[in-house]
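Data first, discussion second: the structure below is written as structure tokens.
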Number of protein chains: 2
Amino acid sequence: MATRTDSLTLEVVELIGAVVARYHEEYDRAAAEHSLTGAQARVLGLLSLEPLPMRKIALRLKCEPSNVTGIIDRLETRGLVERRPDPADRRVKLAAATEEGRRTARELRDALDFAREPLAGLSDAERTVLRDLLRRMLGEETP
Amino acid sequence: MATRTDSLTLEVVELIGAVVARYHEEYDRAAAEHSLTGAQARVLGLLSLEPLPMRKIALRLKCEPSNVTGIIDRLETRGLVERRPDPADRRVKLAAATEEGRRTARELRDALDFAREPLAGLSDAERTVLRDLLRRMLGEETP
DNA sequence: ACCGATTTACTTGACAGCATGAAATATTCA
DNA sequence: TGAATATTTCATGCTGTCAAGTAAATCGGT
């Protein structure tokens, strides 16, 4: 298709690349302020909502379960996360954020300027348009 | 500010997170098809446009120069990149894509479906709107 | 114009984190 | 009992940082 060579599409792709870079910068910067890596911050964010079995963390991160072991190890060492047995299945271990972990996750969310700064210049109407375009891009038809 | 708690903004931020995840999936998948890591693919893409001194690669990647040494080492081992002296300054080494490197970079770009698939559902008018919104988000006022 | 001190470019080595894959253990389920 | 599942451990490779080292350019004072 002509899609690839068309200059408008190329520019949009380039802009998306810039957004991706910016997103990571902000995310890693916010994480580093709490001496966390990006991966640790991401997992802590997940666990601040609900405890999860290791297996499901791996699914969300799209990585091997053996990798999650190490990430949870580091968070656990720092007292941000704890492992609990799952009463329903003694094979699984639930990773849960501790009180301190939840607090850190909250501070992390608050420190993430990405939500505020770049979007601040857009009106509500523009954000709605952007939301709908992104939804369509991602193939989730507007419900 | 109310910006953070407003649900429209939150949804847009979440969608951007999804775009970021999708972007990486596609990028890493395309790179893996050529047995390259994401970082290697990124550097090869840069060098396929023009040779660059190690220092500038580090600037573009926002990482330490010592890190670039290893990435270029691996690409050089595979014959995709070569180091050349800079005639103007004997301290600097220019990394340049070889013929095979440029070919791989081209195949990589062609295999990157991100440009086609998610944008394919959008009309030209919609892409223009998206482009302008992204530009404003990134703070580059439309020239 | 020269020379020593500083700065710049790159590399090396040590170390931590993320990621994979294979093998081991414990538990569940058919 | 035997197959499947959840987690961990181990070996390995890549990315990233930082500190130290080498080589080359540049600057300032004479």
Side-chain angles (χ1 to χ4, degrees), chain A residues 20-21 24-25 27-47 51-78 80-96, chain B residues 20-21 24-25 27-47 51-78 80-96:
Chain A
V20 169
H24 269 113
E25 265 175 63
Y27 203 94
D28 290 352
R29 182 196 49 69
E33 278 171 16
H34 292 268
S35 303
L36 292 172
T37 64
Q40 287 165 9
R42 173 123 190 262
V43 171
L44 189 56
L46 288 177
L47 297 182
L52 288 173
M54 308 294 282
R55 197 186 95 269
K56 287 205 177 172
I57 302 177
L59 285 177
R60 298 259 196 125
L61 262 52
K62 293 190 208 298
C63 72
E64 299 298 317
S66 62
N67 191 15
V68 177
T69 299
I71 297 175
I72 296 295
D73 280 351
R74 282 164 219 126
L75 288 171
E76 197 169 28
T77 299
R78 297 188 34 189
L80 301 174
V81 154
E82 62 182 9
R83 281 171 166 97
R84 298 179 191 156
D86 180 343
D89 186 337
R90 286 189 302 167
R91 287 172 302 182
V92 351
K93 282 171 192 164
L94 296 172
Chain B
V20 169
H24 270 113
E25 266 174 62
Y27 203 94
D28 290 351
R29 184 196 47 69
E33 277 171 18
H34 292 269
S35 302
L36 293 172
T37 64
Q40 287 164 9
R42 172 122 192 262
V43 171
L44 189 57
L46 287 177
L47 297 182
L52 289 172
M54 308 294 280
R55 197 185 95 270
K56 287 205 177 172
I57 301 176
L59 286 178
R60 297 259 196 127
L61 261 51
K62 294 190 207 298
C63 72
E64 299 299 316
S66 61
N67 192 13
V68 177
T69 299
I71 296 174
I72 296 295
D73 279 351
R74 291 179 270 274
L75 288 171
E76 196 169 30
T77 299
R78 297 190 33 192
L80 301 174
V81 154
E82 62 182 10
R83 282 173 165 97
R84 298 179 191 157
D86 180 343
D89 186 336
R90 286 188 302 165
R91 288 173 303 182
V92 350
K93 283 171 192 164
L94 295 171

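Every chain is numbered from 1 and lettered A, B, ... according to where its sequence line falls, protein lines coming before strand lines. Just so it is clear, the model here is predicted, and its values are computed rather than measured.
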For a side chain to side chain contact (heavy atoms under 4.5 Å, CB included) check, start with the C-alpha distance between B:Val20 and A:His24, then their side-chain angles and the critical distance, and finish with the verdict. CA-CA 9 Å; B:Val20 169; A:His24 269 113; 3.8 Å; yes

A:Arg42 CZ to C:dC18 P, straight-line distance once rounded to whole Å: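 Interatomic distance, CZ of A:Arg42 to P of C:dC18: 13 Å.
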
Rounded distance (Å) that lies between atom C1' of C:dT12 and atom CZ of B:Arg74: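 These atoms are roughly 14 Å apart.
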
Any side-chain N or O of [X] below 4.0 angstrom from OP1/OP2 of [N]?
X       : N     : answer
A:Thr69 : D:dT7 : no
B:Lys56 : C:dA9 : no
A:Arg83 : D:dT8 : yes

Under 4.5 Å between any side-chain heavy atoms of A:Arg78 and A:Leu36, yes or no?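 Touching, per the 4.5 Å side-chain cut-off.
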
Is there a side-chain contact between A:Val43 and A:Leu52 (heavy atoms, below 4.5 Å)?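 They are not in contact (no side-chain heavy atoms under 4.5 Å apart), so the answer is no.
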
Short question: side chain of B:Glu76, backbone of B:Arg83 - any donor-acceptor pair under 3.5 Å?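 Checking the backbone N and O of B:Arg83 against the side chain of B:Glu76, a donor-acceptor pair under 3.5 Å is found.
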
Given protein heavy atoms under 4.0 Å, the one-letter contact record of nucleotides 19-30 of chain C, with B base, S sugar-phosphate only and - none, is simply BBB-----BS--

Side chain of A:Val92 - closest among C:dT11, D:dT7, C:dG17: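 From the listed options, D:dT7 comes nearest.
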
Which atom of A:Ile71 lies closest to which atom of A:Ala39, heavy atoms considered: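 Nearest pair, atom of A:Ile71 first, then A:Ala39: CD1-CB, 4.1 Å.
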
Can you measure from CG (A:Asn67) to NZ (A:Lys62) and round to the nearest 0.5 angstrom?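 Spacing of CG (A:Asn67) from NZ (A:Lys62) equals 14.5 Å.
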
